[in-house]
2 protein chains.
Amino acid sequence: MEGTRWLDERQMAAWQGFLEATSRVSRHVEQQLKEDAGLSHPQYEVLVRLAGAPGGELRMTDLAEGLFSSKSNLTYQVGQLEKHGLVRRRSCPTDVRGILAVLTEEGRDTLRAAAPGHVAAVRAALIDVLEPDETDTIARALGRVGARLRPPARNTEEAEAAETETAEAEAQGAGSSESGGMSTSSS
Amino acid sequence: MEGTRWLDERQMAAWQGFLEATSRVSRHVEQQLKEDAGLSHPQYEVLVRLAGAPGGELRMTDLAEGLFSSKSNLTYQVGQLEKHGLVRRRSCPTDVRGILAVLTEEGRDTLRAAAPGHVAAVRAALIDVLEPDETDTIARALGRVGARLRPPARNTEEAEAAETETAEAEAQGAGSSESGGMSTSSS
DNA sequence: GCAGTACGTTTCGAATTTGAACAACCGGTG
DNA sequence: CACCGGTTGTTCAAATTCGAAACGTACTGC
């Protein structure tokens, strides 16, 4: 079949730009985090999510959701964090199978110390390079792209209502306004 | 120092969207490629670059440039490709130190066979989800982001002229219009 | 020519990532 | 109570990744 719809020049540029930006930004951020705080990016994300959870603890499964890696990887990451004393494991009281990952004091401190440098790196690599309207477009467009590839997600009630417009991309960044969430709270 | 400039809501959404899109798109494309053609994405990129080069051969170093991975990784990837007979190594006639990676006939066939599915995956995951103006914005903005983080690049003469505006992002996508470059040439 | 430095590529060891297989456990059914 | 499908978290081996060190070779000045 000759019917393949190839990419035109603009689409090609978008794909290439996406690929390169992806690779370089990720590397930049990861490196800063490693050098400055001894954390990998996945590990940092785990800390952020724990810090944003009530009591600083979360079940492995809940932690895995929205954390873009496999289950076994999460086990590994939490294991590493535990080895460094930033996280502790506790069995879940209501479900013997469940394990709660708990943020330790040291973990909270580490996150607090790491956050400013991380935000600076994110700004330097991405945010401060974008014009305000570009920022909005990227948030909207890439939010849609990500949401569309999200695993089917067991229907938590009427999940049909909100389609692909916006709305969904927001449940993502919310909930972390304390230590490492990098939200607005400067002066 | 209290002076950390945190991210406001829109910037946060952009960063989160970027992260999620990055992760999911990359996984989607990689999986399609692996299942459909038995190639990893880096390997596919190597093939594309070789196919776009005169004679289907390129020096390792030239191959490494713009291929967003470390040198040692490139050695590994080419090694894998060679093991499968898609690429052959040949020592460079003008510089004994240099090694040329040469695309074999089988490699060319494999690429030709893999390209349509790959383009389809890229479309499904990213391109077809974007409005035309979003596509342009992303190409421009992310192109700038990527270019800015590009390693200093040894000054190839007057490399000062073109700053960070546009211009640079274009030398990236060009040069691959044959087999797997997915450029416009349908009917 | 000959030291000294820069370049091109690979090798090495360690860290990370993944998918598949596993063991224990929930909830509901008969 | 024993069974069954689905969940939860871990373990295992294999593949991939990286950075640093190792090598052999090219250029440079003397």
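In what follows, every chain begins at residue 1, and chains take the letters A, B, ... in the order their sequences are listed.
Side chain of B:Arg10 to main chain of A:Ala139: no donor-acceptor pair is present (N/O by atom type, distance under 3.5 Å, no hydrogens or angles). Side-chain atoms of B:Arg123 come within 3.5 Å of backbone atoms of A:Arg5 as a donor-acceptor pair (strictly under, hydrogens ignored). The closest donor-acceptor contact from the side chain of A:Thr104 to the backbone of A:Arg88 lies at 3.5 Å or more, if one exists at all.
Taking for each of A:Ser40 and A:Thr94 the nucleotide of DNA chain C with the nearest heavy atom, the 5'-most of the two is the partner of A:Ser40. Nearest-nucleotide positions on DNA chain C place A:Gln43 closer to the 5' end than the other of A:Gln43 and B:Gln31.
D:dT17 atom C1' lies 12 Å from atom CD of B:Glu30, rounded to whole Å. Rounded to a whole Å, the CG atom of B:Leu39 is 15 Å from the C1' atom of D:dA15. Whole-Å rounding puts the A:His41 NE2 to D:dT17 C1' distance at 18 Å. The distance between atom CG of B:Asp95 and atom P of D:dC27, rounded to the nearest whole Å, is 7 Å. Note: CD (B:Glu82) to P (C:dT9) measures 14 Å, nearest angstrom. In this entry the distance linking CG of A:Leu67 with C1' of C:dT16 reads 14 Å, nearest Å.
Residues satisfying the side chain to side chain contact (heavy atoms under 4.5 Å, CB included) test with A:Ser69, not counting sequence neighbours, are A:Leu67, A:Asn73. A search for side chain to side chain donor-acceptor pair (under 3.5 Å) contacts involving B:Arg97 returns B:Asp95, not counting sequence neighbours. Partners of A:His41 under the ring pair (Phe, Tyr, Trp, His ring centres under 6.0 Å) rule, at least two apart in sequence or in another chain, are A:His118. By the salt bridge (Lys or Arg N to Asp or Glu O under 4.0 Å) test, B:Asp36 is found to be paired with no residue, residues two or more places apart in sequence or in another chain being considered.
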With B for base contact, S for sugar-phosphate-only contact and - for none (protein heavy atoms under 4.0 Å), nucleotides 10-15 of chain C reads BB---S
Polar atoms only, N or O, under 3.5 Å: list the protein pairs with nucleotides 2-5 of chain D and their distances.
none

Working for salt bridge (Lys or Arg N to Asp or Glu O under 4.0 Å), residues B:Glu30 and B:Lys34:
CA-CA 6 Å; B:Glu30 210 139 320; B:Lys34 186 94 67 184; 5.9 Å; no
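Among the heavy atoms of the strands lying under 4.0 Å from B:Asn73 are primed sugar atoms or P, OP1, OP2 only; no base atom is included.
Residue B:Arg97 places a side-chain atom within donor-acceptor reach of the base of C:dC7, judged by atom type and a 3.5 Å distance cut-off alone.
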